[in-house]
Amino acid sequence: MEHEVAYSTELTKIHHTNYVRNSRAIAVLWGIFVVIYAILNIVVFIQPQWFGDTGTSDLPGFFGLWRYCELLTDGSDYSCTGDFLEFIKIDNPSFQAASIFVGIAALLFLVSIVCFLLFFFLNTATVLQICGWFQIIGALCMFLGCTIFPSGWDSPAVRRVCGYDAGKYDIGLCGLRWAYILAIVLIFDAIILAVLAFVLAAKQARLLPEIYKAEKVSKK
């Protein structure tokens, strides 16, 4: 009987050890994906490739959250205008609001990376929950940025490139470009990362099972 109990205890320890290893491996992968997401979010924020001219557009040009580029009169190169630090000079209020929300999303994911340092001081599940909430809010900000941005397509600068039929949520003769599409994809990625953080927090391996605690007590 004692042999069976000992065998059961050892088997439980093996399963417990495997569970902890798998949980840690998934958590490491989650952390890597969070870092990758933060980099992509920054790229989306600074790139002026949210939408731009097509073969039927009036003029060559392309636009980002806070910067837009138009072809010079001599046709040699593009001239880009806009600086996030000069916020009031951003083309229109819709682009300003979208810039703020996407910028906040990027900042929140950078903060969640900094929160990795808390693993040295706090319970793993607590840190994952903190990061999960940052990421949920980041996903919401990215969604708001992508939703608000098209309401600025009625600006004079956009109409010069996309035609005077362009208006709020009507891109006219222009087309969406990779940065805007990537921003939409990042909304879903942020939600997935946040959900995974909460799942990992909920499933974090507890302290040793009661059978181990009893075993330790008996040894003392």
Exercise. Going through the checks in order, is the side-chain contact (heavy atoms from CB on, under 4.5 Å) test met by R67 and C80?
Worked result: CA-CA 7 Å; R67 187 169 59 156; C80 295; 4.1 Å; yes

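- The heavy-atom pair separating A97 from I148 by the smallest distance is CB-CG2, 4.0 Å.
- Put simply, I39 and V185 are part of two different groups of oily side chains (I, L, V, M, F, W, Y) that touch within less than 4.5 Å, one to the next.
- Ring pair F51/F149: centre-to-centre distance below 6.0 Å.
- Looking at heavy atoms from C-beta onward, L110 lies in side-chain contact with I42 at the 4.5 angstrom threshold.
- Rounded to the nearest 0.5 Å, atoms SG (C131) and CG (L196) are 11.5 Å apart.
- Looking at heavy atoms from C-beta onward, W66 lies out of side-chain contact with E86 at the 4.5 angstrom threshold.
- Atom CD1 of I184 sits about 12.0 Å away from atom CG of D189, to the nearest 0.5 Å.
- Checked against the 6.0 Å centroid threshold, Y169 and W153 do not count as a close aromatic pair.
- Annotation: the span from N123 atom CG to L118 atom CG amounts to 11.5 Å, rounded to 0.5 Å.
- The existence of a salt bridge linking D53 and R177 is confirmed by a sub-4.0 Å separation between a basic side-chain nitrogen and an acidic carboxylate oxygen.
- Test Y180, Y68, Y78 against F62 for ring pair (Phe, Tyr, Trp, His ring centres under 6.0 Å) and you get one pass: Y78.
- With side-chain heavy atoms closer than 4.5 Å counting as contact, directly or through intermediates, I88 stands alone and belongs to no larger hydrophobic cluster.
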Test side-chain contact (heavy atoms from CB on, under 4.5 Å) on L122 and F119 and set out the steps. CA-CA 6 Å; L122 299 178; F119 283 118; over 6 Å; no

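- When all heavy atoms of C146 and I187 are compared, the pair lying nearest together is SG-CD1, 4.0 Å.
- Minimum interatomic distance between L200 and I26 (heavy atoms only, all atoms of both residues): CD2-CG2, 3.6 Å.
- Here the straight-line distance linking atom OG of S155 with atom NZ of K168 works out to 9.5 Å at 0.5 Å rounding.
- Using a 4.5 Å heavy-atom threshold, the side chains of R159 and D154 count as touching.
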Please tabulate, one pair per line, all N/O donor-acceptor pairs under 3.5 Å involving side-chain atoms of residues 28-38, not counting sequence neighbours.
residue	atom	partner	partner atom	Å
W30	NE1	L193	O	3.1
Y37	OH	L186	O	3.0

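- How far CG of L71 is from CG of L59: 8.5 Å, rounded to the nearest 0.5 Å.
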Handout entry: T126 and I130: CA distance, side-chain angles, deciding distance, side-chain contact (heavy atoms from CB on, under 4.5 Å) verdict
Key = CA-CA 6 Å; T126 301; I130 292 172; 4.2 Å; yes

query = Are N41 and M142 close enough, and set up right, to give a side-chain contact (heavy atoms from CB on, under 4.5 Å), and what steps lead you there?
reply = CA-CA 9 Å; N41 200 330; M142 184 64 79; 3.2 Å; yes

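- Taking Ile, Leu, Val, Met, Phe, Trp and Tyr as members and joining any whose side-chain heavy atoms lie under 4.5 Å apart, directly or through other members, the hydrophobic cluster of I136 also contains W133, F198.
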